[in-house]
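By convention here, the first residue in the shown sequence is residue 1.
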Amino acid sequence: MKILNEYYTLDEWFYYWLNNKMKHLTLKTRGDYVSSFSRVSSSIGFRTLKTLCCDDFENVFKDLYEFGYTKMTIKQTKMIIQQCLEEAVNCDVIHANPVPKKILTWETISKSSVLTIEEQKQLLGYLQRNQREEMEIVVCLLSTGLRSAELRAVTINDIDFKKHSLSITKSVTEYYEESKRKIEYTNTKTIKSKRSIPLNKVALKYFKRQVKKNLEVDCQTYSDFGKIIFPYKGKIMTQGDIYYIFSRLCKQMNKDGINIRRITPHMLRHTFATRCFESGMEVKAISEILDHVSVRTTINIYTHPDISALKSEIQKLKQIGAKMAQTSNEINDRSSK
């Protein structure tokens, strides 16, 4: 029987598929499926099937890789989601399966996942000129490299304004319980994920601006949520909320004549890391700030420096080569005397 509902979210379709198409599964296998799906649901479960594309799933799989999940676990997760969405194709809910056939999770991120320096200037310039309300959340993501779920869980007590540091101890988690979607704060995924990161002057400035904005706009909400820095309409900001905020921003920029591609919070995290590499920051420090499972993970993911940075490095090589040639000539001259 064909399913005509074109507006299933990924969460809704998964549980429809599990409860109606996979009744033959044992309780243990069913539990494994739900566990695997939860790794994906927290990031894009709210999205309708028709809006999902390969890049969305690649970003989720890359996140799992950064968290330290094994290749086998990620492949098993991919297999379950792929099987689930293949049934959506068979039922005419979607025309094609958006899950990529090949996972590039443990390989380099694509350049399309990072804003160029010009794109970054264009984005920040537009936000500044138009006094857009998205300014604070965009700048804080760009200046810290936090995951969306981590930033949305930050409270004022997590920020040390004197020492210019931010403690990451929790994240926003979204899940299903008895078919009802729930959202709450949970501890970070691993002990290592609990970390303190430095805040530069720009990040500090915009965190302070957001705190001031909260007090001015809705003091009651600010207090009720433990002085949460980024609430949304009086509640904890969900993944769906932040997706809508970024989508709305990009649509408005294009409407105003500024041609900008789709920007996501995850893209700002990759952009932060790339700018760190370009500035010459040590890879170990970048890895710790990003909460990667290892330095090797960081190196594997970020190997696409900006072209201007490449030119600079090439120039350094030329200078080193010239010095080596000069030294060699001096040694030869001495030897011949």
Give the C-alpha distance, both sets of side-chain angles, the deciding distance and a yes or no for side chain to side chain contact (heavy atoms under 4.5 Å, CB included) between Tyr69 and Phe61.
CA-CA 9 Å; Tyr69 287 100; Phe61 297 145; over 6 Å; no
Starting from the C-alpha separation in whole Å, work towards a yes-or-no answer on side chain to side chain contact (heavy atoms under 4.5 Å, CB included) for Thr238 and Val172.
CA-CA 8 Å; Thr238 67; Val172 174; over 6 Å; no
Step-by-step salt bridge (charged side-chain N to carboxylate O under 4.0 Å, His left out) determination, Lys205 to Glu136:
CA-CA 9 Å; Lys205 173 183 175 181; Glu136 286 74 23; over 6 Å; no
So Leu124 and Gln128, side chain to side chain contact (heavy atoms under 4.5 Å, CB included) or not? Walk me through it.
CA-CA 6 Å; Leu124 296 178; Gln128 185 70 48; over 6 Å; no
List the steps and the verdict of side chain to side chain contact (heavy atoms under 4.5 Å, CB included) for Thr173 and Ile183.
CA-CA 6 Å; Thr173 299; Ile183 179 169; over 6 Å; no
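Side-chain contact between Met267 and Val114 is absent, with no heavy-atom pair separated by less than 4.5 Å. Counting heavy atoms from C-beta outward, Leu141 and Phe246 have side chains that approach closer than 4.5 Å. Thr9 is not listed as a side-chain neighbour of Leu49, based on a closest heavy-atom distance of 4.5 Å or more. The shortest side-chain heavy-atom distance between Lys235 and Met237 does not fall under the 4.5 Å cut-off. Side-chain contact between Leu123 and Met253: present, with at least one pair of heavy atoms (C-beta onward) separated by less than 4.5 Å. Annotation: side chain of Phe272 is not in contact with side chain of Thr144 (no heavy-atom distance under 4.5 Å). Using a 4.5 Å heavy-atom cutoff, the side chains of Met281 and Arg275 are not in contact. The shortest side-chain heavy-atom distance between Phe14 and Leu85 does not fall under the 4.5 Å cut-off.
Judged by distance alone, the side chains of Ser38 and Ser41 never bring a donor and an acceptor atom under 3.5 Å apart. Looking only at atom types and distance, the side chain of Gln239 has no donor-acceptor partner in the side chain of Arg47 under 3.5 Å away. A donor and an acceptor atom, one from each side chain of Arg152 and Ser148, are located under 3.5 Å apart. Between the side chains of Asn214 and Arg209, not a single donor N or O lies within less than 3.5 Å of an accepting N or O. For the 3.5 Å distance criterion, the side chains of Thr29 and Asp32 fail to qualify, holding no donor opposite an acceptor.
For the atom pair CD of Glu134 and CD of Gln252, the computed distance is 9.0 Å after rounding to the nearest 0.5 Å. Rounding to the nearest 0.5 Å gives a distance of 10.0 Å between CG of Leu64 and OG of Ser36. One distance of note links CG of Leu146 with CG of Leu151; it measures 5.5 Å at 0.5 Å rounding. The distance from the OG atom of Ser171 to the CD atom of Glu184 is 10.0 Å, given to the nearest 0.5 Å. In this structure, Glu150 CD and Ile168 CD1 are separated by 5.5 Å, a value rounded to the nearest 0.5 Å. Note that the CG atom of Asn157 and the OG atom of Ser167 stand 10.0 Å from one another [nearest 0.5 Å].
Summarising the hydrophobic clusters (Ile, Leu, Val, Met, Phe, Trp, Tyr; side-chain heavy atoms under 4.5 Å, direct or chained), the residues clustered with Leu27 are none.
Taking a 6.0 Å sphere around NE2 of His95, one finds it holds 12 or fewer heavy atoms contributed by other residues, nucleotides or ligands. Counting heavy atoms of neighbouring residues, nucleotides and ligands inside a 6.0 Å radius, atom CD of Glu282 does not exceed 12 of them. Within a 6.0 Å sphere centred on CZ of Phe161, other residues, nucleotides and ligands contribute more than 12 heavy atoms.
Residue Phe230 is not grouped with residue Phe46 when hydrophobic side chains (ILVMFWY) are merged at heavy-atom distances under 4.5 angstrom, including chains of intermediate members. In terms of hydrophobic clustering, with Ile, Leu, Val, Met, Phe, Trp and Tyr side chains grouped at heavy-atom distances under 4.5 Å, Ile236 and Tyr243 are assigned to different clusters.
Ile80 and Trp17 make their closest contact through O-CH2, 4.1 Å (heavy atoms, listed as atom of the first residue, atom of the second, distance). Across all non-hydrogen atoms, the minimal contact from Thr73 to Thr70 is OG1-OG1, 2.9 Å. Residue Ala203 comes nearest to Leu199 through the heavy atom pair CB-CD2, 4.1 Å, listed as atom of the first residue, atom of the second, then distance. In terms of heavy atoms, Thr169 sits closest to Lys194 at O-CE, 4.0 Å. Nearest heavy atoms, Tyr206 versus Met135: OH-CE, 3.4 Å. Listed here is the closest heavy atom pair of Cys250 and Arg261: SG-O, 3.8 Å.
Taking Tyr232 as the reference, nothing meets the ring pair (Phe, Tyr, Trp, His ring centres under 6.0 Å) condition, with sequence neighbours excluded. With sequence neighbours left out, Asn254 forms a side-chain contact (heavy atoms from CB on, under 4.5 Å) with Asn259, Ile260.
The backbone N or O of Leu115 sits less than 3.5 Å from a side-chain atom of Thr271, completing a donor-acceptor pair. Under a 3.5 Å cut-off, the side chain of Asn97 and the backbone N or O of Gln82 do form a donor-acceptor pair. Of the possible donor and acceptor atoms, one in the side chain of Glu119 sits under 3.5 Å from a partner among the backbone N and O of Thr116. Side-chain atoms of Arg147 come within 3.5 Å of backbone N or O of Asp291 as a donor-acceptor pair. In this structure, Asp158 contributes its side chain and Thr155 its backbone to a donor-acceptor pair below 3.5 Å. Of the possible donor and acceptor atoms, none in the side chain of Ser143 sits under 3.5 Å from a partner among the backbone N and O of Cys140. Side chain of Arg269 to main chain of Gly145: a donor-acceptor pair is present (N/O by atom type, distance under 3.5 Å, no hydrogens or angles). Formation of a donor-acceptor pair under 3.5 Å by the Asn130 side chain with backbone atoms of Arg132 is not found in this model.
No salt bridge links Lys213 with Glu133; every basic N to acidic carboxylate O contact stays at or beyond 4.0 Å. A salt bridge between Asp63 and Arg39 is absent, with no side-chain N of the basic residue lying under 4.0 Å from a carboxylate O of the acidic one. Under a 4.0 Å N-O distance rule, the pair Arg262/Asp56 qualifies as a salt bridge.
Aromatic ring pairs are classed by plane angle as parallel below 30°, tilted from 30° to 60° and perpendicular above 60°; the pair Trp13 and Tyr8 is perpendicular. Classification of the His270-His266 ring pair by plane angle, with boundaries at 30° and 60°, yields perpendicular.
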